[in-house]
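Here's a structure for you.
Just so we're on the same page: letters track the sequence lines, and every chain starts at 1. In this text the structure is predicted, and so the values were computed from the model without any measurement.
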Protein chains: 2
Amino acid sequence: MYYCIMKNELLKGTLKTILLNLLEKEGEMYGYEICQKVKDLSEEKLLITEGALYPTLHKLEAEGWLNVKKKKVGKRTRKYYSLSRKGKPIAVQKLREFQEYIETMNLILQPKTAKS
Amino acid sequence: MYYCIMKNELLKGTLKTILLNLLEKEGEMYGYEICQKVKDLSEEKLLITEGALYPTLHKLEAEGWLNVKKKKVGKRTRKYYSLSRKGKPIAVQKLREFQEYIETMNLILQPKTAKS
DNA sequence: TTGTTTTACATAAGATTCTTATGTATTATT
DNA sequence: AATAATACATAAGAATCTTATGTAAAACAA
């Protein structure tokens with residue numbers, strides 16, 4: 001079981017963006033694998049909790065943005081998720097919205113005198 | 001009354017950061033003025049709702065991060081907020097956390113092959 | 001001068017999203 | 001043999017926002 005180490009009010013709203021874009025890059029992943037991948041990519045800084053992950057995957061599936069394929073591994077069943085045809089443009093859109101939000105935040109937060 | 005035009009799951013978690021850092025730059029502001037300023041700075045892209053703003057200002061005040069000063073303007077009373085001594089390092093910290101979160105998101109989201 | 005818009009505060013109900021806690025069961029490691 | 005890691009799931013609670021509503025003064029337009 002995972003806990004978030006970034007005090008993450010900030011994760012709110014970005015989890016779907018992360019999941020959709022990760023699946024876009026990686027192709028096919030199962031839930032537990034996604035947790036690990038995010039942990040690795042983020043250098044242990046972002047730890048997605050299962051309580052956030054699984055319900056969100058189910059929602060994305062219900063929206064028709066993900067395809068699911070069950071695979072038996074021994075006696076255990078993994079659920080592999082991938083972007084659906086319908087989900088692909090959503091992944092792009094979510095990423096764009098995130099980038100726009102950062103730009104907007106910069107407009108508000110950046111000191112008037114600084115150039116960064 | 002305001003509505004958010006950015007479909008803002010993304011505002012979640014960043015409002016306090018915005019308020020603290022805006023007050024740090026501007027010195028003293030009242031609620032309604034903050035809404036206008038954010039609207040202007042963001043080029044109409046981020047419209048803070050009063051239902052989000054006022055309770056959040058009250059929370060920041062309750063934490064001891066803001067000072068409040070009431071001013072009569074005609075028969076109306078404005079509440080001017082400013083960063084308290086205790087609030088100043090929090091503003092800096094929130095900004096740093098936000099920047100770190102963006103860096104972490106970039107680690108997760110950026111395509112392996114691209115350089116941007 | 002009368003009606004509408006803007007200014008300026010406030011709070012409550014509802015939706016959404018996350019954390020924390022708990023549960024089940026298999027597989028790997030010590 | 002016991003513990004940790006893998007792999008799924010859901011429910012209670014906390015936090016944060018949207019939407020709706022309320023009050024009232026000041027400014028503006030018809």
A:Leu15 CG to D:dT16 P, straight-line distance once rounded to whole Å =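 Rounding to the nearest Å, CG of A:Leu15 and P of D:dT16 are 18 Å apart.
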When hydrophobic residues are tied together by side-chain contacts of less than 4.5 Å, even through go-betweens, does A:Leu66 share a cluster with A:Val92?
-> no
Expressed in angstrom and rounded to an integer, what is the separation of B:Leu53 atom CG from C:dA12 atom C1'?
-> 17 Å
Gap between atoms CE and P, on A:Met29 and D:dT6 respectively (whole Å) = 14 Å
Return the nearest nucleotide to the side chain of B:Thr49; candidates are C:dT20, D:dT18, C:dC9.
->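 So the side chain of B:Thr49 is nearest to D:dT18.
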Please check if B:Val68 and B:Leu60 belong to a single hydrophobic cluster, counting links between Ile, Leu, Val, Met, Phe, Trp and Tyr side chain heavy atoms closer than 4.5 Å.
-> yes
Side chain of A:Glu50 only, please: which of C:dA10, D:dA7, D:dT18 is the nearest?
->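 Closest nucleotide among those given: D:dA7.
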Over how many whole Å does the gap from B:Ile48 atom CD1 to C:dC9 atom C1' extend?
->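 Whole-Å distance recorded here is 16 Å.
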Treat each ILVMFWY residue as a node, draw an edge where side-chain heavy atoms are under 4.5 Å apart, and state whether B:Ile102 and A:Val38 are in one component.
->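 Yes; tracing contacts between hydrophobic side chains, which count when under 4.5 Å, links both residues.
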For atom OH of A:Tyr101 and atom C1' of D:dC17, their distance in whole Å | 11 Å
Not counting sequence neighbours, list each pair that qualifies as a salt bridge (Lys or Arg N to Asp or Glu O under 4.0 Å) and has a residue in residues 70-86 of chain B.
-> B:Glu28-B:Lys71
Please state how far atom CD1 in B:Ile34 lies from atom C1' in C:dC9, giving the value in whole angstrom units.
-> 13 Å
Joint hydrophobic cluster, B:Met29 plus A:Leu107, side-chain heavy atoms closer than 4.5 Å = no
Mind running a 4.0 Å heavy-atom check of residues 54-78 of chain B against DNA chain C and sending the residues that fall below it, in number order?
->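 When residues 54-78 of chain B is checked for heavy atoms under 4.0 Å from DNA chain C, the hits, listed by number, are B:Tyr54, B:Pro55, B:His58, B:Arg76, B:Arg78.
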Atom CD of A:Gln36 and atom P of D:dA7 are separated, to the nearest Å, by 8 Å
Can you find a side chain N or O atom of B:Tyr32 that sits less than 4.0 Å from OP1 or OP2 on C:dT6?
-> no
If only atom types and distance count, is the side chain of B:Asn21 paired as donor or acceptor with the main-chain N or O of B:Ala91 below 3.5 Å?
->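 Such a contact is found between B:Asn21 side chain and B:Ala91 backbone.
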